[in-house]
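Right, one structure below, let's go through it.
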Number of protein chains: 2
Amino acid sequence: MAPRSPSGQPRAPEAAAIGFRPLYRQVRERLLRRLAEGAWPAGGMLPSEPALAAELGVSPGTVRKALDALAAENLLVRRQGRGTFVARHDERRILFQFFRLVSDRGERQFPESEVLALTRAGANAREQARLGLAASARVFRIRRLRTLGGRACIAESIALPEALFPGLSERTLPNNLYGLYAEEYGISIARASERLKAVILPPGDATLLGVGPGTPALAIDRLAIAIDGRRVEWRLSRCLTRHLHYASELV
Amino acid sequence: MAPRSPSGQPRAPEAAAIGFRPLYRQVRERLLRRLAEGAWPAGGMLPSEPALAAELGVSPGTVRKALDALAAENLLVRRQGRGTFVARHDERRILFQFFRLVSDRGERQFPESEVLALTRAGANAREQARLGLAASARVFRIRRLRTLGGRACIAESIALPEALFPGLSERTLPNNLYGLYAEEYGISIARASERLKAVILPPGDATLLGVGPGTPALAIDRLAIAIDGRRVEWRLSRCLTRHLHYASELV
DNA sequence: CAGTGGTCTAGACCACAGG
DNA sequence: CTGTGGTCTAGACCACTGC
């Protein structure tokens with residue numbers, strides 16, 4: 001095939017409708033859309049690079065660049081000699097991508113969770129704002145106590161748009177919620193943004209965590225975004241940082 | 001030139017001494033070493049891709065991959081149509097790479113600093129451990145009060161190995177310390193790792209920041225690493241997060 | 001052994017910057 | 001106009017995996 005413009009004057013008519021971004025960007029977005037649609041199951045293998053290239057009518061190098069980008073976003077996992085796979089929300093990935101609390105001795109460990117309550121209510125103002133919900137929207141609220149190494153250290157409040165999670169019930173709640181969202185509701189969390197503050201633990205949380213009034217805690221306000229860009233979960237975690245810290249690499 | 005093994009069986013004898021990593025990795029490390037040696041001044045332009053490729057005896061694509069990697073690490077800046085440049089430690093870069101505190105209204109702003117003291121002392125146990133110093137080593141200690149939008153919000157204590165910063169004196173201390181390290185001492189900070197905890201502000205810091213006893217603060221413990229891997233600076237910042245938060249993107 | 005991703009090369013053209 | 005990085009293509013061989 002003759003070289004084509006990098007800005008997109010391709011011969012294939014289907015590609016012309018995509019737009020004027022670089023071709024590998026367009027390929028990335030097409031693959032992203034198919035991932036969001038669930039075209040391949042979690043953990044499933046994608047077609048090989050030459051197969052995708054032929055299917056999309058671009059060169060293998062262009063497909064490779066798109067796949068590399070999606071792998072860098074932790075949406076795909078590439079394994080030499082085996083293939084390219086849809087990333088799963090297993091504990092390893094959560095620990096690597098979404099969990100930044102580390103014991104002061106350096107151990108990264110996935111916390112245990114005890115669900116204290118699952119309730120339904122109309123979304124309050126903060127929930128509406130953070131999740132982008134209408135004033136009439138309803139949410140599930142989950143309250144959990146989390147422990148690390150047997151020590152209670154996180155009091156957590158979670159809000160989920162009710163419309164996205166039909167039939168959610170307390171006994172279905174596993175420790176790894178993102179795995180549940182993916183497997184039961186086809187919602188794949190792709191990224192999250194966190195805002196951290198230092199606060200004095202509110203009395204309820206202090207009691208829950210078994211510490212005195214006036215104890216400081218790290219408040220982590222996390223908004224989780226799905227692969228299609230929807231705001232899926234708002235989570236407020238108050239963490240005791242006496243034996244833990246939040247690790248952040250500035251690279 | 002004939003294709004060569006990706007594991008490195010190159011013809012050029014100089015390259016044979018590098019090792020068995022991928023060629024683009026080897027090229028990245030050679031360029032990194034030259035950056036660390038100060039072969040090009042901060043803000044200076046590197047040779048063009050074809051020139052580097054000819055000089056190193058590899059294909060332009062391989063050089064490109066190495067340059068892209070260094071640009072992704074914020075050590076180089078690539079500008080289409082102009083060239084590839086050594087990244088400078090200007091306020092924009094600091095704000096982008098090293099400063100995570102954001103006003104709750106969303107503005108990212110570089111804080112002002114007032115130096116309260118610059119002293120010299122033998123390194124204490126924590127300084128020795130964090131900076132990897134011998135028991136006999138000496139350090140500079142800097143104490144600063146930092147303000148954002150006119151509001152005092154950060155009490156900061158900094159420790160620097162005395163051996164790395166000969167002649168450091170109080171009147172030479174600018175607001176942007178990383179710029180000083182680079183320009184006056186040829187030390188380029190490449191990355192940093194931070195550990196965050198929630199604490200009760202010690203009385204001295206509370207007085208300095210003009211808040212009452214028992215006020216919670218975000219303690220940011222940062223170790224800054226130079227481009228050659230040396231531990232250069234240990235910094236402990238205690239931040240009031242009443243109108244600020246620490247932003248962290250989980251991608 | 002066949003099939004996969006990983007690396008390396010070579011060369012074309014485009015977009016952008018600045019003289 | 002020249003020179004730069006950015007994109008796209010094409011094809012070779014290597015390294016790893018699992019049958």
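Just so we're clear, the structure is a prediction, and the values are computed from it rather than from any experiment. Every chain is numbered from 1, with letters handed out A, B, ... down the list of sequences. Computed over heavy atoms, backbone and side chain alike; hydrogens, waters and symmetry mates excluded.
Residues passing the side-chain contact (heavy atoms from CB on, under 4.5 Å) test with Ala129(B): none are found, sequence neighbours excluded.
If you check residues 61-70 of chain B against DNA chain C, the residues with a heavy atom closer than 4.0 Å are Thr62(B), Lys65(B), listed by number. Residues from residues 80-90 of chain B with heavy atoms under 4.0 angstrom of DNA chain C, sorted by number: Gln80(B), Gly81(B), Arg82(B).
A sub-4.0 Å separation between OP1 or OP2 of dG6(D) and a side-chain N or O of Arg78(B) is present. The side chain of Tyr24(B) contributes no N or O atom lying less than 4.0 Å from OP1 or OP2 of dC8(C).
Rounded to whole angstrom, the span from the CD atom of Glu49(A) across to the C1' atom of dC13(D) amounts to 15 Å. Whole-Å rounding puts the Leu52(B) CG to dG3(D) P distance at 17 Å. Counting to the nearest Å, the P atom of dC8(D) and the CZ atom of Arg28(A) are 14 Å from each other.
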Could you give the side-chain donor-acceptor pairs of residues 67-75 of chain A under 3.5 Å, partners two or more places apart or in another chain?
from: Asp68(A); atom 1: OD1; to: Arg78(A); atom 2: NH1; distance (Å): 2.5
from: Glu73(A); atom 1: OE1; to: Arg28(A); atom 2: NH2; distance (Å): 3.1
from: Glu73(A); atom 1: OE2; to: Arg28(A); atom 2: NE; distance (Å): 2.9
from: Glu73(A); atom 1: OE2; to: Arg28(A); atom 2: NH2; distance (Å): 3.3
from: Asn74(A); atom 1: ND2; to: Val251(B); atom 2: O; distance (Å): 3.1

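Residues Glu194(A) and Tyr246(A) bring a donor and an acceptor atom of their side chains to less than 3.5 Å of each other.
Other residues, nucleotides and ligands contribute over 12 non-hydrogen atoms within 6.0 Å of the CZ atom of Arg108(A).
A 4.5 Å side-chain heavy-atom check between Leu177(B) and Arg235(B) finds at least one atom pair inside the cut-off.
Identified under the side-chain hydrogen bond (donor to acceptor under 3.5 Å, both in side chains) test for residues 94-104 of chain A, with sequence neighbours left out: Arg93(A)-Gln97(A), Asp104(A)-His245(A), Asp104(A)-Lys197(B). For residues 73-99 of chain A, the set of pairs meeting the ring pair (Phe, Tyr, Trp, His ring centres under 6.0 Å) definition, not counting sequence neighbours, comprises Phe98(A)-Tyr178(A).
Taking CG of Leu250(B) as the start and CG of Leu223(A) as the end, the distance is 11.5 Å to the nearest 0.5 Å.
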